Amino acid sequence: SNATFLAGELERLGFRITIPVDTSMVWVDTSDHGLICQDVYDVLKPHGILNFGGKDTTMRFVVHQQISHEDIVKTISVLETGLQGKLKRK
């Protein structure tokens with residue numbers, strides 16, 4: 001599924017998935033990178049990728065039916081570029 005693919009890519013970037021993916025939701029902990037949700041939100045929003053910001057370190061990605069594999073690839077690319085130097089990869 002696209003949610004499983006997204007979770008795998010986020011893990012590859014060093015994010016921790018906090019709840020096993022069995023729906024369209026992917027729960028991610030950003031604290032291993034020293035980031036808060038707002039940091040990730042600020043990178044994604046200018047590219048039209050919507051998520052929730054805030055001071056917390058747990059964020060939720062929702063992969064709706066209309067989200068394609070290519071959309072997820074774009075999201076990961078935007079994160080890699082926008083958070084360059086901040087990601088502690090596994």
Side-chain angles (χ1 to χ4, degrees):
S1 77
N2 280 337
T4 302
F5 174 66
L6 174 61
E9 289 296 292
L10 290 168
E11 283 183 318
R12 181 181 64 78
L13 295 181
F15 289 101
R16 188 167 43 90
I17 306 305
T18 60
I19 298 173
V21 177
D22 64 354
T23 64
S24 62
M25 290 184 273
V26 179
W27 293 88
V28 178
D29 186 308
T30 62
S31 64
D32 290 346
H33 294 300
L35 301 171
I36 60 172
C37 299
Q38 191 67 41
D39 298 323
V40 176
Y41 173 84
D42 290 344
V43 168
L44 296 174
K45 186 177 182 209
H47 298 274
I49 303 166
L50 303 179
N51 208 320
F52 296 101
K55 294 181 181 179
D56 198 5
T57 59
T58 300
M59 65 188 324
R60 178 183 68 155
F61 287 84
V62 180
V63 183
H64 295 286
Q65 273 186 313
Q66 68 271 26
I67 303 297
S68 69
H69 180 85
E70 291 76 21
D71 293 330
I72 295 169
V73 169
K74 175 186 174 185
T75 299
I76 295 302
S77 176
V78 166
L79 285 173
E80 285 180 306
T81 302
L83 296 173
Q84 188 173 14
K86 296 179 183 177
L87 297 176
K88 301 167 187 155
R89 295 173 189 254
K90 292 184 173 183

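Any value given below was found using the heavy atoms of this structure, including those in side chains, with hydrogens, waters and symmetry copies removed. Predicted, not measured: the structure shown is a model, and the values here were computed from it.
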For the residue pair [X] and [Y], what are the closest heavy atoms and their distance?
X	Y	value
Val26	Ala3	CG2-O, 3.4 Å
Asn51	Arg60	OD1-O, 2.9 Å
Val43	His47	O-CD2, 3.3 Å
Ile36	Lys55	CG2-O, 3.4 Å

* Stepwise, does the side-chain contact (heavy atoms from CB on, under 4.5 Å) test hold for Val28 with Thr18? -> CA-CA 6 Å; Val28 178; Thr18 60; over 6 Å; no

* Structure fact -> By ring-ring contact (aromatic ring centres under 6.0 Å, His included), His69 pairs with (sequence neighbours left out) Phe5

* Asked: Who passes side chain to side chain contact (heavy atoms under 4.5 Å, CB included) against Asp42, sequence neighbours left out?
  -> Gln38

* Structure fact -> Hits for side chain to side chain contact (heavy atoms under 4.5 Å, CB included) against Thr4, two or more places apart or cross-chain, chain-then-number order -> Ser1, Val21

* **Separation of Ile76 CD1 from Leu6 CG (nearest 0.5 Å)** => 5.5 Å

* Asked: Rounded to the nearest 0.5 Å, how far does NE2 of His33 lie from CG of Leu13?
  -> 6.5 Å

Any side-chain heavy-atom pair from [X] and [Y] closer than 4.5 angstrom?
X	Y	answer
Leu79	Glu9	no
Phe15	Asp32	no
Met59	Val40	yes

* To do: Consider only side-chain N and O atoms of Asp56 and Thr58, and report whether a donor and an acceptor are under 3.5 Å apart.
  => no

* Structure fact -> Residues at least two apart in sequence or cross-chain that pass side-chain hydrogen bond (donor to acceptor under 3.5 Å, both in side chains) with Ser77, listed by chain then number, are none

* Taking Thr57 for its side chain and Asp29 for its backbone only, find out whether a donor-acceptor pair lies under 3.5 Å. => no

Side chains of residues 61-68: which donor-acceptor partners sit under 3.5 Å, not counting sequence neighbours?
from	atom 1	to	atom 2	distance (Å)
Ser68	OG	Glu70	N	3.4
Ser68	OG	Glu70	OE1	3.4
Ser68	OG	Asp71	N	3.1
Ser68	OG	Asp71	OD2	3.2

